[in-house]
**Student:** 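Can you keep this structure in mind? I'll have questions shortly.
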Amino acid sequence: MIEMLATVRVIKLGKGDMSSAHQNISFDPDKLRAKYRRERDKRIRVDGNDQYIEVTGDFSHYIDDPYVEPGFERDAIQTQVGVLIIGGGFGGMLAAARLRDTGIDDLLIVEKGGGFGGTWYWNRYPGASCDIESLVYFPLLEETGFVPKQRYTNATETLEYCQVIAEQYKLSDIALMQTQILSTDWLEEEGLWVARTNRGDIIKATFVIHSNGPLNRPKLPGIPGIDTYTGHTFHTSRWDYDYTGGGPFGGLDKLADKRVAVIGTGATAVQCVPHLAAGAKELYVFQRTPSSIDVRNNTDIDAEWVKSQSPGWHHKRRTNFESLLAGIPVKEDLVGDGWTEAFRDIFGGLRQYRPSGWRLLLWSLGWAFSSARKERGIKQYLTDKAMVEMGLQEKMEMADFAKMEKVRARADSVVDNSETAESLKPYYRQFCKRPCFHDEYLQAFNNPNVTLVDTDGQGVEAFTERGVVANGEEYEVDCIVFATGFEVGTDYSRRAGYSITGVDGLTISEKWADGMATFHGLHSRGFPNAFFFGPQQSGFTATYTFALDENAMQTAYILGELKKRGATRVDASEKAESAWINTIKRVARQTEEFQKSCTPGYYNNEGHVEFESQNTFYGGGPIEFFNLMAKWREAGDLRGLEID
Ligand code: NDP
């Protein structure tokens with residue numbers, strides 16, 4: 001057993017003032033590994049994704065659009081376009097923008113919501129914001145010249161920015177809002193897709209881009225009694241401000257006499273809980289797995305600094321950020337926030353303590369022991385030496401332990417009640433679940449009206465007519481807010497909300513029944529002229545808009561090439577598709593052990609990590625994937641695609 005000692009900086013954000021202190025954190029890696037395993041094991045469920053129920057039938061009101069006036073009607077249309085883009089979120093907008101830049105203008109965007117924005121259109125819950133730096137998260141910043149006000153933007157500004165993009169690229173002229181696609185079918189003889197909508201439209205298109213969002217379909221826990229509860233309920237992605245009062249910045253004044261339950265403690269709950277705590281008479285937060293809550297420390301952005309940057313700064317910043325997260329050593333950490341901290345420490349450490357030259361020689365002679373003791377103290381010396389002797393994977397694990405120890409220490413320093421603080425500590429590696437950054441969430445548990453109901457990994461057991469049952473106890477509430485996330489890993493058509501039928505009547509659900517099959521995540525053989533945006537078999541980035549932009553640029557390049565060559569049909573070759581699936585499986589093994597060690601969640605298919613599964617991201621990380629795509633484009637031969 002080696003006891004690792006790491007000097008870390010602990011930020012205390014307690015009780016109104018902000019102070020910082022250096023603190024030695026010591027931990028036993030073996031004990032932590034065992035604790036992580038126990039925490040994972042008690043959460044693994046055989047039903048995996050089947051624990052959730054689909055929001056259809058009696059539950060379909062959970063996905064009604066609360067942001068439009070009811071009763072909108074229009075005449076059905078029949079039309080034919082060059083490119084049909086399904087989805088008006090960042091993916092769809094980026095596709096349209098990049099296509100317009102390539103000189104392809106015969107476009108139609110179909111969006112089920114009442115405006116652009118996708119996830120930001122739907123998720124307007126109080127406190128909704130982005131905790132990835134806005135200078136990284138917002139796409140097209142150099143193209144639009146837009147400067148976000150704060151380092152971590154909010155949902156309101158993000159929606160405003162969507163309007164900026166829509167205006168710059170004249171997207172409103174080519175959009176059909178409040179329109180839901182029901183089916184897309186390939187017409188072989190015509191070489192066209194035909195899409196049908198819930199408004200009776202018939203839209204023919206040479207190409208279709210499916211950008212329907214990876215977290216688009218809210219999910220509900222399939223818990224006994226969910227349909228017997230008689231109080232008020234809604235999902236966070238359709239916030240009911242008529243019931244709660246207030247708006248995206250809080251002020252939930254209609255809850256002053258209400259007892260409210262929140263189910264879930266993921267990234268969404270973390271942002272809305274402080275506002276519910278401030279508004280509700282009583283708030284019960286039902287926790288299955290705590291999130292990692294690190295310091296956010298939002299600040300204003302200096303517009304002059306942004307304007308003084310050299311062309312290309314935006315791509316450089318995004319690449320730097322995602323490189324650090326992917327474990328690629330970089331010279332500097334341009335963003336320097338809680339996301340990159342663990343990696344910064346690792347690579348800073350590696351540069352400093354590379355086992356080469358005089359240091360290695362002195363260590364091996366044993367001479368350095370005494371000089372190192374003088375220089376930095378024996379503990380630090382042993383830490384450094386141990387680090388050098390470990391492989392990179394282990395170093396990353398040690399840095400991860402240190403980082404998470406710091407996150408856990410923050411719970412102790414912020415939350416008054418020590419039992420509650422202990423319950424709020426996450427015991428898993430930083431990227432097992434979506435890390436969260438917030439400066440009011442942990443603090444909310446110091447309010448006397450807030451109760452954390454820790455279910456020790458088991459979740460809520462049942463609903464009754466009056467409330468929620470957990471740990472065998474019934475909690476009577478007036479309202480239940482489902483912060484239970486979105487479907488990931490279920491059937492593609494179910495999530496998209498429409499069917500896709502390709503050559504010879506084969507549906508995408510049939511084709512992917514035993515696993516996704518694509519070339520570069522974008523094309524699927526037998527579905528010619530269809531482009532699938534999203535992370536599966538493609539690059540998965542924490543900055544989701546970055547990956548979407550890569551999807552958009554790749555699609556625009558391909559369609560531009562087809563136009564130049566006078567081709568109107570493109571499909572993946574059988575050989576290329578099967579080679580790509582093999583690549584995905586092979587590279588997935590690099591992350592398999594990590595995924596298996598994690599607590600369940602949508603990042604690891606609810607804990608069901610299958611060794612041979614291709615239903616995953618490109619395991620070499622997004623930057624490696626983007627580089628592969630850039631090289632593929634540079635080659636200029638559209639290798640792997642059959643064009644006609
Ligand atoms: P998540 O899927 O991350 O969280 C769902 C929560 O519900 C989890 O805490 C889960 O627990 C809990 N849950 C599910 N079933 C039960 C049950 N039976 N009893 C108790 N708890 C239950 O959804 P979110 O909406 O929070 O976040 C989705 C994603 O949206 C994030 O991962 C992130 O990518 C994105 N997001 C990004 C933000 C940003 O700042 N950019 C902000 C908000 C969201 P368990 O963990 O045990 O499964």
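In listed order, ligands and their atoms are each counted from 1. Residues take their numbers from the sequence shown, with the count starting at 1.
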**Student:** In terms of side-chain geometry, is the basic nitrogen of R318 or E322 positioned less than 4.0 Å from the acidic oxygen of its partner?
**Tutor:**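 The answer is no: the pair does not qualify as a salt bridge.
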**Student:** Centre of F486's six-membered ring, under 6.0 Å away, within 45 degrees of the axis: is that where NZ or CZ of K219 sits?
**Tutor:**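 Cation-pi check for K219 and F486: fails.
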**Student:** Do any N/O atoms on S129 end up under 3.5 angstrom from N/O atoms on ligand 1?
**Tutor:**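 Looking only at distances, the answer is yes, because the N/O contact criterion of under 3.5 Å is met.
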**Student:** Measuring from the heavy atoms of C130, does anything fall under 4.0 Å of ligand 1?
**Tutor:**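 Checking ligand 1 against C130, which is what was asked, there is a heavy-atom contact under 4.0 Å.
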**Student:** What is the nearest protein non-hydrogen atom to atom 23 (O) of ligand 1, stated with its residue, atom name and distance?
**Tutor:**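 Closest protein heavy atom to atom 23 (O) of ligand 1: G485 CA, 3.1 Å.
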**Student:** Can you tell me which residue and heavy atom of the protein come closest to atom 26 (O) of ligand 1, and the distance to 0.1 Å?
**Tutor:**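 Answer for atom 26 (O) of ligand 1: T268 N, 2.9 Å.
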**Student:** Considering only the protein, which heavy-atom contact is closest to atom 34 (O) of ligand 1, and what is its distance?
**Tutor:**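 For atom 34 (O) of ligand 1, the nearest protein heavy atom is Y602 OH, 3.0 Å.
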**Student:** Report the residue from Y618, F617, F625 that forms a ring pair (Phe, Tyr, Trp, His ring centres under 6.0 Å) with F540.
**Tutor:**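 Exactly one pass, corresponding to F617.
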**Student:** Within 45° of the six-membered ring axis of Y229 and under 6.0 Å from that ring's centre, is NZ or CZ of R466 located there?
**Tutor:**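 Judged by the rule, R466 and Y229 form no cation-pi pair.
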**Student:** Begin with the C-alpha distance, continue with both residues' side-chain angles, and end with the deciding distance and a verdict on side-chain contact (heavy atoms from CB on, under 4.5 Å) for Y152 and N297.
**Tutor:** CA-CA 9 Å; Y152 304 101; N297 197 14; 5.9 Å; no
**Student:** May I ask you to decide if I63's main-chain N or O and R238's side chain share a donor-acceptor pair within less than 3.5 Å?
**Tutor:**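 Indeed, once roles are kept as given, a pair shorter than 3.5 Å links the two residues.
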**Student:** Ignoring hydrogens and geometry, is there a side-chain-to-backbone donor-acceptor pair from Y161 to P139 under 3.5 Å?
**Tutor:**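 Flag set: sc Y161 to bb P139 pair under 3.5 Å.
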**Student:** How does Q287 reach ligand 1, by side chain, by backbone, by both or by neither, if only non-hydrogen atoms under 4.0 Å count?
**Tutor:**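 None of Q287 does.
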**Student:** Just to verify, which of R151, K149, E157, Q150 counts as forming a side-chain hydrogen bond (donor to acceptor under 3.5 Å, both in side chains) with T153?
**Tutor:**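 Considering R151, K149, E157, Q150, a side-chain hydrogen bond (donor to acceptor under 3.5 Å, both in side chains) with T153 is found only for E157.
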**Student:** Under 4.0 Å from a heavy atom of K433: give me the atoms of ligand 1 that qualify, with their elements.
**Tutor:**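 So the answer, numbered in order with elements, is 45 (P), 46 (O), 48 (O).
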**Student:** Using a strict 4.0 Å cut-off to heavy atoms of G459, name the atoms of ligand 1 that fall inside it.
**Tutor:**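 It comes down to these atoms of ligand 1: 19 (N), 20 (C).
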**Student:** So, does E142 use its side chain to make a donor-acceptor pair with the main chain of W313 at under 3.5 Å?
**Tutor:**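 A pair under 3.5 Å: yes.
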**Student:** Give the intermediate values and the outcome of ring pair (Phe, Tyr, Trp, His ring centres under 6.0 Å) for residues F482 and H235.
**Tutor:** CA-CA 5 Å; F482 288 104; H235 188 273; 7.5 Å; no
**Student:** Considering only heavy atoms of Q271, which atoms of ligand 1 have at least one such atom less than 4.0 Å away?
**Tutor:**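 Listed by number with element, the hits are 40 (O), 42 (C).
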**Student:** Please report which non-hydrogen protein atom sits nearest to atom 35 (C) of ligand 1, along with the residue it belongs to and the distance in Å to one decimal place.
**Tutor:**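 Closest protein heavy atom to atom 35 (C) of ligand 1: L215 CD1, 4.2 Å.
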**Student:** Under 4.0 Å from ligand 1, counting heavy atoms only, is it the side chain of S237, its backbone, both or neither?
**Tutor:**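 No part of S237 comes within reach of ligand 1.
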**Student:** Where on T455 is there a heavy atom closer than 4.0 Å to ligand 1, on the side chain, on the backbone, on both, or on neither?
**Tutor:**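 The answer is neither; T455 stays 4.0 Å or more away.
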**Student:** Near I263, which atoms of ligand 1 are under 4.0 Å from a heavy atom of that residue?
**Tutor:**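 Listed by number with element, the hits are 19 (N), 20 (C), 21 (N).
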**Student:** What protein heavy atom sits nearest atom 10 (C) of ligand 1, and how far off is it?
**Tutor:**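 Checked against all protein heavy atoms, atom 10 (C) of ligand 1 sits closest to R288 NH2, 4.2 Å.
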**Student:** Report the part of Y125 (side chain from C-beta onward, or backbone N, CA, C, O) that has a heavy atom under 4.0 Å from ligand 1; answer both or neither where that applies.
**Tutor:**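 It is the side chain that touches ligand 1; the backbone stays farther off.
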**Student:** Quick check: does A267 get an N/O under 3.5 Å from an N/O on ligand 1?
**Tutor:**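 Yes - when backbone and side-chain N and O of A267 are compared with those of ligand 1, one distance drops under 3.5 Å.
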**Student:** Cation-pi between K258 and Y243: NZ/CZ under 6.0 Å from ring centre and within 45° of the ring axis?
**Tutor:**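 K258 over Y243 ring: yes.
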**Student:** Where is the nearest protein heavy atom to atom 18 (N) of ligand 1: which residue, which atom, and how far?
**Tutor:**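 The closest heavy atom on the protein side is I223 CD1, 3.5 Å.
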**Student:** If we only count N/O pairs under 3.5 Å, is R43 in contact with ligand 1?
**Tutor:**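 No; the residue has no nitrogen or oxygen that sits under 3.5 Å from a nitrogen or oxygen of the ligand.
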**Student:** Do F59 and E54 come within less than 4.5 Å of each other through their side chains, counting heavy atoms only?
**Tutor:**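 No, side chains not in contact.
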**Student:** My understanding is that we take every heavy atom of each candidate and find the minimum distance to atom 8 (C) of ligand 1. Doing that for A542, G266, P600, A128, which one comes out nearest?
**Tutor:**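 It is G266 that holds the nearest heavy atom.
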**Student:** Heavy atom to atom 41 (N) of ligand 1, shortest distance: which of E606, K219, R434 holds it?
**Tutor:**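 Looking at heavy atoms only, the winner is R434.
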**Student:** At their closest point, which heavy atom of A280 faces which heavy atom of N449, and how far apart are they?
**Tutor:**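 Closest approach of A280 to N449, heavy atoms only: O-ND2, 2.9 Å.
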**Student:** With heavy atoms only and a cut-off of under 4.0 Å, state how Y52 meets ligand 1: side chain, backbone, both or neither.
**Tutor:**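 Just the side chain.
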**Student:** Could you tell me which residues satisfy ring-ring contact (aromatic ring centres under 6.0 Å, His included) with Y36, sequence neighbours excluded, listed by chain and number?
**Tutor:**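 Result, ring-ring contact (aromatic ring centres under 6.0 Å, His included) vs Y36: F401.
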**Student:** Are any of the N/O atoms in T265 less than 3.5 Å from those in ligand 1?
**Tutor:**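 So ligand 1 has an N or O lying under 3.5 Å from an N or O of T265.
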**Student:** Return the closest protein heavy atom for atom 12 (C) of ligand 1 as residue, atom name and distance.
**Tutor:**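 For atom 12 (C) of ligand 1, the nearest protein heavy atom is G264 CA, 3.5 Å.
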**Student:** Within the side chain of W120, is there an N or O that forms a donor-acceptor pair under 3.5 Å with the backbone of T156?
**Tutor:**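 No: the side chain of W120 does not pair with the backbone of T156.
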**Student:** In Å, rounded to the nearest 0.5 Å, how long is the span from CG of L325 to CD1 of I132?
**Tutor:**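 The CG atom of L325 sits 8.0 Å away from the CD1 atom of I132.
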**Student:** Return yes or no for this condition: an N or O of F486 is under 3.5 Å from an N or O of ligand 1.
**Tutor:**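 So ligand 1 has no N or O lying under 3.5 Å from an N or O of F486.
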**Student:** Starting from atom 6 (C) of ligand 1, find the nearest protein heavy-atom neighbour and note its residue, name and distance.
**Tutor:**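 That would be A483 O, 3.4 Å.
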**Student:** Give a yes/no on ligand 1: does I132 have at least one heavy atom closer than 4.0 angstrom to it?
**Tutor:**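 No.
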**Student:** Heavy-atom distance to atom 40 (O) of ligand 1: which of T543, V262, D131 wins?
**Tutor:**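 Selected option, by shortest heavy-atom distance: D131.
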